[in-house]
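What follows is a short report on a single structure.
Values reported hereafter were calculated over all heavy atoms of this structure, with side chains retained and with hydrogens, waters and symmetry mates removed.
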Amino acid sequence: MKVETCNISRHETFQGPYRRLILDASGIGCAGVPGQFVHLRIPRLDGAVLRRPFSLYRAGKDGIEVLYKPVGRGTDAMLSMVQGDSLSLIGPLGNGFPVCGKKRTPVLVAGGYGVAPLSFLALTSARPGIIFIGGARADDVLCVDDFKSRGWDVRVTTEDGSLGAKGRVTVAIDAWLQSPESRGDREWYACGPDGLLKAVGERAAANGWNAWLSLDKHMGCGVGACLACVQRVRNADGTEGWVRVCRDGPVFEARSIVW
Amino acid sequence: MKVETCNISRHETFQGPYRRLILDASGIGCAGVPGQFVHLRIPRLDGAVLRRPFSLYRAGKDGIEVLYKPVGRGTDAMLSMVQGDSLSLIGPLGNGFPVCGKKRTPVLVAGGYGVAPLSFLALTSARPGIIFIGGARADDVLCVDDFKSRGWDVRVTTEDGSLGAKGRVTVAIDAWLQSPESRGDREWYACGPDGLLKAVGERAAANGWNAWLSLDKHMGCGVGACLACVQRVRNADGTEGWVRVCRDGPVFEARSIVW
Amino acid sequence: MVKSSSKTPDTTAPSMAVDIGGIRMRNPVMVASGTFGYGPEYADLVDLNALGALVVKGIRIAPWDGNPTPRMVEVPGGLVNAIGLQGPGVDGFIADYLPFLRGYEVPVIVNIWGRSLDEYREVAQRLDGVPGIAGIELNISCPNVKEGGLAFGTQPDMARSVIAAVRRATRLPLIPKLSPNVSDIRVFAAIAEAEGADAISLINSYPAMVIDVRTRRPVLANRVGGLSGPAIHPIAVKLVWEAARAVKIPVVGMGGITGPQEALEFLIAGARAVAVGTANFTDPTTALRVRDGIRDYLAEQGMHDIGELIGSLAT
Amino acid sequence: MVKSSSKTPDTTAPSMAVDIGGIRMRNPVMVASGTFGYGPEYADLVDLNALGALVVKGIRIAPWDGNPTPRMVEVPGGLVNAIGLQGPGVDGFIADYLPFLRGYEVPVIVNIWGRSLDEYREVAQRLDGVPGIAGIELNISCPNVKEGGLAFGTQPDMARSVIAAVRRATRLPLIPKLSPNVSDIRVFAAIAEAEGADAISLINSYPAMVIDVRTRRPVLANRVGGLSGPAIHPIAVKLVWEAARAVKIPVVGMGGITGPQEALEFLIAGARAVAVGTANFTDPTTALRVRDGIRDYLAEQGMHDIGELIGSLAT
Ligand SMILES: Cc1cc2nc3c(=O)[nH]c(=O)nc-3n(C[C@H](O)[C@H](O)[C@H](O)COP(=O)(O)OP(=O)(O)OC[C@H]3O[C@@H](n4cnc5c(N)ncnc54)[C@H](O)[C@@H]3O)c2cc1C
Ligand SMILES: Cc1cc2nc3c(=O)[nH]c(=O)nc-3n(C[C@H](O)[C@H](O)[C@H](O)COP(=O)(O)OP(=O)(O)OC[C@H]3O[C@@H](n4cnc5c(N)ncnc54)[C@H](O)[C@@H]3O)c2cc1C
Ligand SMILES: Cc1cc2nc3c(=O)[nH]c(=O)nc-3n(C[C@H](O)[C@H](O)[C@H](O)COP(=O)(O)O)c2cc1C
Ligand SMILES: Cc1cc2nc3c(=O)[nH]c(=O)nc-3n(C[C@H](O)[C@H](O)[C@H](O)COP(=O)(O)O)c2cc1C
Ligand code: FES
Ligand code: FES
């Protein structure tokens with residue numbers, strides 16, 4: 001974990017409202033693994049005291065990439081960032097996704113920008129598996145080719161039916177779970193809205209599979225100091241308590257989460 | 001007086017650190033006279049609740065021009081404004097300079113950006129007179145050609161001697177006052193730092209001349225409502241009281257000012 | 001179409017009218033004392049009749065000079081002012097400004113202050129029965145004058161006596177303006193209600209100080225001043241919420257409104273009207289923007305009357 | 001050159017060391033409770049030994065769960081938090097964090113709180129004599145817990161009893177942290193001094209509320225929280241200035257520091273040390289920037305010792 005001042009190498013439209021931000025943060029890039037995130041200080045967001053967290057979409061010796069969608073004051077202000085702008089990152093933060101068990105096949109479930117860390121995970125995965133991508137509209141279904149080109153089985157759903165099957169991602173998952181092809185030893189990975197994570201967790205648990213959920217909580221410090229981002233969990237001894245999504249997560253096994 | 005949203009037609013270096021800002025505010029432009037000012041809302045100055053006042057350097061049916069120098073948070077932020085940016089103005093505000101008496105010759109004294117309203121005054125003056133321009137360095141001596149091209153007698157002083165006579169503007173004024181050429185009926189106009197205004201006022205009063213001083217006070221509303229910009233004055237009946245620089249001024253006759 | 005002359009009612013336009021302790025306003029958006037002068041200053045820029053009410057700058061029984069300059073300094077998200085209640089006095093106000101204001105329909109609320117109980121009573125008495133005045137806002141919370149001002153607003157006994165005295169001196173709707181500089185705002189809200197106030201307003205600016213580190217002097221001549229603007233908004237919302245639950249009389253909420261959003265927070269928290277202060281300097285049309293924004297919000301939410309919004313906080 | 005072994009003193013580097021009620025700090029820049037965890041969280045990013053002191057998150061006698069989420073919301077110029085003092089309890093702190101902190105030379109100040117006088121006393125007693133603890137900051141001003149917290153800090157009698165009780169329970173340097181939510185801070189500063197406190201610190205975050213106008217609910221699960229950050233800085237400067245003139249014991253100033261400028265204001269106003277809170281989130285190196293900026297300022301002003309700056313306000 002370090003504070004790194006870096007420059008924007010590229011900032012471009014990725015798809016629909018989503019943007020891709022490429023940063024020459026090589027220190028963080030070298031250290032980052034899938035599931036980790038950076039805490040980004042948005043330039044020229046006067047009066048803002050908080051950074052904003054973004055998952056690593058790519059990380060390597062040249063730096064990092066993130067995908068984001070403008071949804072509020074901060075991400076809106078990010079739109080005006082340009083190549084060459086300097087900004088400050090803290091990262092890599094949190095724990096990455098655990099590696100998929102040797103004999104298991106990875107099953108990924110993504111909603112919205114949640115596909116970004118999963119695409120990074122697929123890149124480093126020992127073998128391809130299956131990914132369910134859900135979105136409101138076709139525009140929200142990102143990175144399909146990232147997976148296809150690596151041999152993944154990609155199942156798309158959109159709520160308006162503009163791409164793939166119509167409905168929520170759970171519709172596709174449930175259909176698949178009914179089918180014989182779902183049999184076998186699986187390890188689940190999911191990133192998206194809470195509703196999606198919860199649904200994935202329930203389905204995985206019902207089958208006795210691990211489901212690694214990447215949680216999205218409003219953050220203050222990003223490093224574990226402020227206790228803003230806490231999530232209620234069930235401890236091994238049955239008691240309940242808080243964990244810090246930023247430091248103890250953002251990835252947690254589904255059965256530990258108290259929704 | 002109106003609120004006018006306008007666009008930046010041009011924004012350029014004027015001289016040294018000074019910038020010229022050309023705005024297509026034709027409503028304010030048509031109404032504005034020398035000595036009046038606009039209250040400008042600086043775009044992208046988040047967290048700022050106050051506008052900033054700037055004298056009219058030019059005003060006409062095409063809009064207005066101001067000259068400014070970055071000296072603080074607001075004026076620094078102005079540097080990043082670009083052509084086409086939209087901004088909000090209130091103006092024209094305050095009272096202009098009174099017209100020079102028929103048989104009198106105008107004597108102008110300017111320090112720093114104070115030359116801007118005086119250049120506008122010279123443009124509308126029935127006949128040329130003399131102008132003393134003082135500055136710290138050659139860079140601070142603006143608009144010399146504006147005056148020369150209209151037949152004005154321009155006397156420059158700089159504190160470091162890099163242009164014109166070395167010393168404060170009062171040195172040149174005092175030398176001139178000693179000389180026979182200063183005799184005659186004069187009407188003084190000055191804009192610059194308080195020290196300069198005071199010095200000019202004293203010299204004018206000593207000779208029984210009017211001196212119209214344009215005051216620079218920190219402003220809130222700009223329209224006379226908040227009472228932030230007040231100046232102590234002596235009333236006709238000998239009592240003292242406050243006047244509002246924004247609404248009752250910014251131009252006052254020197255003998256009324258209680259420094 | 002029984003009566004051909006009847007206007008088709010605009011069923012989509014929600015009703016915005018509110019009654020603040022007997023003052024009927026067309027909409028709940030006022031301008032705050034000290035930030036809008038006495039009316040004429042902004043009349044070129046804002047249709048005064050479009051305001052819910054106009055609260056004039058604080059006046060006392062006689063003219064008052066206020067503080068030396070500098071009187072105002074900008075800080076992140078606000079400003080600190082120490083005007084010190086400069087004003088023409090009650091007779092000056094009546095002679096010089098009231099005739100102008102009588103030309104408008106907007107309710108005019110006079111903000112009053114005094115250096116003693118007697119002064120407070122006198123100025124209220126003087127205003128009683130003067131045509132063109134809709135109500136009195138009783139400033140017991142100004143951080144910028146040494147005498148009276150804040151002390152009246154932070155000590156329950158003093159607050160009680162001054163409100164009671166002014167109440168006896170006037171039949172006009174009376175709106176004590178509470179100080180935020182207290183540990184429990186409910187105490188002061190309840191005192192106001194018990195002493196017969198028709199409404200309360202809050203918050204005034206918050207005691208504050210800015211130091212010039214270059215000269216190592218306070219920036220303001222008065223050394224301390226009052227912080228206003230967006231910086232104090234979350235504090236104001238909390239106090240308005242508490243005050244509104246403590247009393248039955250209407251609450252006027254203010255502090256840091258820059259647009260509809262902050263005004264809606266006050267109304268949802270229980271304020272029956274709001275006032276725009278510092279933002280008038282940033283954008284003189286703020287009150288109109290706020291009014292329009294509230295109306296649009298009501299329409300969006302399918303509300304027909306502002307009353308449905310007021311105090312609608314779900315907790 | 002009489003003694004060849006003597007080091008040439010660096011005459012240009014001003015002395016930054018301060019003594020806060022017996023706690024010797026290399027420089028006056030601390031990090032504020034609740035914004036820096038217990039040390040390890042920021043240890044990768046900041047050299048802990050470069051801090052004047054490290055104040056850990058508030059702890060009580062037993063583990064505490066704090067409030068439900070959401071616990072934090074950003075506002076213009078600050079944030080409102082309602083963490084609710086989640087923590088491992090005093091034994092958890094001693095077992096899990098103190099060993100780590102003992103590996104550093106930075107003075108560790110433990111921020112403590114309780115739901116009753118007894119709890120306050122017990123946690124102070126438990127810390128007394130534990131190696132690696134430089135002092136106790138007594139939190140009587142947290143706006144985010146129902147029990148105790150703010151009530152202790154806004155009622156003179158309660159403040160007096162809790163400070164007296166804790167004073168008897170510990171020989172460690174004791175620093176009550178005052179609430180800003182009072183009408184006259186000098187009263188509480190004087191109480192702390194009279195009851196034997198070694199220093200005081202101020203200000204804690206300011207009671208505040210944010211409403212989501214879309215859902216018409218408070219954004220924070222706890223409904224109200226504490227406002228911190230640049231928004232409260234001018235308020236904090238005024239309170240520090242008043243408190244510093246009311247007592248002889250040292251004052252630690254905090255509230256809205258983002259860089260050297262705001263810290264210098266506190267020191268000039270009379271604070272002997274300052275603490276960086278919310279700005280740690282924005283930029284974890286803030287405390288170091290502040291320290292360097294103060295040093296540069298002293299050098300520029302030709303001051304040789306931070307003592308020349310403290311309380312140097314010309315009024
Ligand atoms: C571990 C993690 C990884 C993330 N990765 C990505 C990513 O790769 N791409 C992407 O587009 N978004 C990502 N997000 C969500 C992203 O951080 C928010 O969209 C962003 O903070 C919104 O900021 P804003 O100022 O535009 O929104 P506003 O709603 O105006 O923000 C106000 C406050 O709320 C917080 N906030 C608002 N929404 C969220 C949210 N959904 N999650 C967390 N905090 C929020 C902000 O940080 C800020 O403090 C991630 C969140 C987390 C916790
Ligand atoms: C009637 C009038 C006409 C002016 N005309 C011009 C002009 O034509 N060109 C030009 O360059 N400048 C002019 N000024 C000065 C200009 O307004 C200030 O330089 C500017 O406000 C500084 O803002 P800042 O944020 O950069 O400085 P900061 O010092 O960061 O500003 C902080 C606050 O102080 C106020 N302030 C600071 N300096 C001054 C000052 N000298 N006068 C008034 N307020 C100040 C600002 O408005 C702001 O509220 C004029 C001032 C007045 C009163
Ligand atoms: C320049 C200025 C002058 C003020 N004068 C008065 C006054 O005379 N009487 C009064 O009760 N409040 C006065 N106030 C307080 C405002 O009416 C209002 O309560 C406060 O500024 C908070 O609202 P805001 O954040 O929208 O400005 C003044 C505020 C400012 C900024
Ligand atoms: C997230 C957060 C948690 C805090 N927790 C505590 C705490 O446990 N004990 C305490 O005394 N103060 C606590 N505070 C208050 C800070 O120590 C500090 O007094 C306040 O935030 C003002 O400083 P700032 O504006 O620099 O943040 C907390 C503040 C924040 C923002
Ligand atoms: S964001 Fe501060 S603890 Fe997680
Ligand atoms: S700036 Fe408000 S009265 Fe002049």
- Query: Within a strict 4.5 Å, meaning less than it, do heavy atoms of the Val49(B) and Phe281(C) side chains meet?
  - Reply: no
- Looking only at heavy atoms, what is the nearest atom pair of Asp65(C) and Trp242(B), with distance? O-NE1, 2.6 Å
- Item | CZ (Arg137(B)) with more than 12 external heavy atoms under 6.0 Å | no
- Message: Minimum heavy-atom separation for Leu45(C) and Val223(B), please, with both atom names.
- Response: CD1-CG1, 4.2 Å
- Message: Treating Arg71(C) as the side-chain partner and Cys229(B) as the backbone partner, does any N or O pair qualify as donor plus acceptor under 3.5 Å?
- Response: no
- Task: Evaluate the criterion side-chain contact (heavy atoms from CB on, under 4.5 Å) for residue pair Met72(C) and Cys226(B); output intermediate values, then yes/no.
- Result: CA-CA 9 Å; Met72(C) 189 183 278; Cys226(B) 74; 3.8 Å; yes
- Query: Which answer fits Pro63(C), side chain, backbone, both or neither, if we ask what part of it has an atom under 4.5 Å from a heavy atom of chain B?
  - Reply: neither
- Query: Where do Lys57(C) and Leu227(B) land on the side-chain contact (heavy atoms from CB on, under 4.5 Å) test, with the steps shown first?
  - Reply: CA-CA 10 Å; Lys57(C) 171 86 188 152; Leu227(B) 308 177; 4.3 Å; yes
- Which atoms of Pro70(C) come close to chain B, meaning under 4.5 Å heavy atom to heavy atom: side chain ones, backbone ones, both, or neither? neither
- Contact check, side chains of Tyr42(C) and Cys221(B), non-hydrogen atoms, under 4.5 Å: yes
- Yes or no on side-chain contact (heavy atoms from CB on, under 4.5 Å) for Thr282(C) and Leu50(B), after CA distance, side-chain angles and deciding distance? CA-CA 5 Å; Thr282(C) 326; Leu50(B) 295 181; over 6 Å; no
- Is the number of heavy atoms from other residues, nucleotides or ligands within 6.0 Å of CZ (Arg291(C)) greater than 12? yes
- Message: Can you confirm whether Asp44(C) sits close enough to Lys2(B) that some side-chain heavy atom of one is under 4.5 Å from a side-chain heavy atom of the other?
- Response: no
- Query: Would you find a donor on one side and an acceptor on the other, under 3.5 Å apart, between the side chain of Arg41(B) and the backbone of Asp283(C)?
  - Reply: no
- What residue, out of Gly78(C), Pro76(C), Ala231(C), Pro230(C), has the most heavy-atom pairs lying under 4.5 Å from chain B? Gly78(C)
- Within a radius of less than 6.0 Å around CZ of Arg217(C), do more than 12 heavy atoms belonging to other residues, nucleotides or ligands occur? no
- Task: Look at Arg51(B) together with Glu74(C) and state whether they make a salt bridge at an N to O cut-off of under 4.0 Å.
- Result: no
- Item | Which atom of Ala225(B) lies closest to which atom of Gly37(C), heavy atoms considered | CB-N, 3.5 Å
- Message: Is any side-chain heavy atom of Arg244(B) closer than 4.5 Å to one of Glu41(C)?
- Response: yes
- Begin with the C-alpha distance, continue with both residues' side-chain angles, and end with the deciding distance and a verdict on side-chain contact (heavy atoms from CB on, under 4.5 Å) for His218(B) and Val219(C). CA-CA 12 Å; His218(B) 288 214; Val219(C) 171; over 6 Å; no
- Note on the structure: Under 4.5 Å to a heavy atom of chain B? For Val73(C) that would be neither
